[in-house]
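Residue numbering restarts at 1 for every chain, and letters A, B, ... go by the order of the sequence lines.
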There are 2 protein chains.
Amino acid sequence: MSTRTTQHSYTIKETAALIGLPASTLRYYESIGVIAPISRGASSGHRVYGEDDLDQLMWVACLAATGMSVSDMRTYISNGGHGAAKAREQVELLEQQERRLAIEAEQVALRQRYVQLKIGYWNAIDAGDQAHAAALSDEAYALADQLKQTKRNEERR
Amino acid sequence: MSTRTTQHSYTIKETAALIGLPASTLRYYESIGVIAPISRGASSGHRVYGEDDLDQLMWVACLAATGMSVSDMRTYISNGGHGAAKAREQVELLEQQERRLAIEAEQVALRQRYVQLKIGYWNAIDAGDQAHAAALSDEAYALADQLKQTKRNEERR
DNA sequence: CCTTTGACTTCAAGTACTTGAAGTTCCTAC
DNA sequence: GTAGGAACTTCAAGTACTTGAAGTCAAAGG
């Protein structure tokens, strides 16, 4: 299926960063059989992830993000799963993931702004600047409203 | 601070809908002391949520949305929470949260780039352009390589 | 009045990770 | 080469909900 000429390898940390899941979760997924066992370095016993492993993990991450349970993922994957999907399907799923990430980036930015306003608020309190504190508090409240709205629209992942 | 004339009351289901958290989570938060005990209907024993309870829950939902742990939430809230108290501790906690979010934003951007490269890869495969596909695959690897340089690589949540 | 339906109650068990401990291996630097 | 630290390993325990069981309560229909 894969006609790759260059087979790069990745450590668990690199893989975790690229897929967007912590290394502990990658080990967990492997331990419960959601992904195939990852090959190990001959002497070290450390996991060595290949391109195919990354593809498989990205697929699993997409399924997890769309709310599929671990047990469903296991049955789905043992019934062909990732390998059975066509290129068109893969791209569709990846584009879905792209949109999710855009939303996530937006929300993180919103949360950063919120926390920064809160810090400003406490610093203003510390400096005795009640007017400034009140203004920041109002701004934070407006942002909080926005945050809750987006969170509600998110629906349990 | 709060001088409300109308104290409307809500069932747990209404409250859950307004706050955007499942009812089970509201009960859970109460059971572990993240929020104050909710008063009960005289005969039914059912929880009756007031406006103040809603305010408190909205605040907790915001903290949860920024990824704060339950134990930190409890500390934060017992230190005055939404109201005014111990500014130093509050700011310290918030600045810690700010750093977490900065790291998260960085990582989301990385994942966005990776997914975009993957989409390009599958499109190239679909178009039969092996050379372009390989080039994009290499670029994805370079992304991971670049990551090695980025020392600060803590985990979220 | 009585039954049914549905929302509520507690509590225990399950889920999907996450974290910590204790030990091994890789890498860099002297 | 060897010392030190970062990164990896497994396994056990913890976390933050979530779900299921078993029972109580309340409004609507016959």
Legend entry - Verdict with supporting geometry, A/Trp59 and A/Asp55, side chain to side chain contact (heavy atoms under 4.5 Å, CB included): CA-CA 6 Å; A/Trp59 173 266; A/Asp55 287 347; over 6 Å; no
Inset, instruction - Please tell me if the side chains of B/Arg113 and B/Glu139 come closer than 4.5 Å, counting only heavy atoms from C-beta onward. - result: yes
Inset, instruction - Take the C1' atoms of the five end pairs on each side of the helix from C/dC1-D/dG30 to C/dC30-D/dG1, get both axes, and report the angle to 10 degrees. - result: 20°
Legend entry - Spacing between B/Ile12 atom CD1 and D/dA26 atom P, to the nearest angstrom: 16 Å
Legend entry - Set of residues satisfying side chain to side chain contact (heavy atoms under 4.5 Å, CB included) with respect to B/Thr11, sequence neighbours excluded: B/Lys13, B/Glu14
Legend entry - Side chain proximity check, B/Asp53 to B/Ile35, heavy atoms < 4.5 angstrom: no
Inset, instruction - Measure the distance from CG on A/Leu21 to P on C/dA16 and round it to the nearest whole Å. - result: 14 Å
Legend entry - Nearest-Å distance for atom pair CE/P, residues A/Met73 and C/dT15: 13 Å
Inset, instruction - Using a 4.0 Å heavy-atom cut-off across all strands, classify B/Thr25 as base, sugar-phosphate, or nothing. - result: sugar-phosphate
Inset, instruction - Could I get the full list of side-chain hydrogen bond (donor to acceptor under 3.5 Å, both in side chains) partners for B/Ser71, not counting sequence neighbours? - result: B/Ser69
Inset, instruction - Examine D/dC8: is either OP1 or OP2 under 4.0 Å from a nitrogen or oxygen in the side chain of A/Thr11? Give yes or no. - result: yes
Legend entry - Closest to the B/Pro22 side chain, choosing from C/dT19, D/dT18, D/dC8: D/dT18
Legend entry - Spacing of B/Gln56 atom CD and B/Tyr49 atom OH [to the nearest 0.5 Å]: 10.5 Å
Inset, instruction - Rounded to the nearest angstrom, tell me the gap between atom NZ in B/Lys13 and atom P in C/dT9. - result: 13 Å
Legend entry - Close residues, residues 28-47 of chain A, relative to DNA chain C [heavy-atom separation under 4.0 Å]: A/Tyr28, A/Tyr29, A/Ser43, A/Ser44
Inset, instruction - For residues B/Tyr121 and B/Ala133, report the shortest heavy-atom separation together with the two atoms involved. - result: CD1-O, 3.3 Å
Inset, instruction - Report the residues that fulfil side chain to side chain contact (heavy atoms under 4.5 Å, CB included) with A/His132, sequence neighbours left out, ordered by chain and then residue number. - result: A/Ala124, A/Asp129, A/Leu136
Inset, instruction - Give the rounded distance in Å between these two atoms: OH of B/Tyr10 and C1' of C/dA7. - result: 19 Å
Legend entry - Contact nearer the 5' end of DNA chain D, comparing B/Ser71 with B/Arg27: B/Ser71
Identify every side-chain donor-acceptor pair in residues 17-33 of chain B under 3.5 Å, counting partners at least two apart or on other chains, and give the distances.
| from | atom 1 | to | atom 2 | distance (Å) |
| --- | --- | --- | --- | --- |
| B/Glu30 | OE1 | B/Arg47 | NE | 2.7 |
| B/Glu30 | OE2 | B/Ile38 | N | 3.0 |
| B/Ser31 | OG | B/Tyr28 | O | 2.7 |

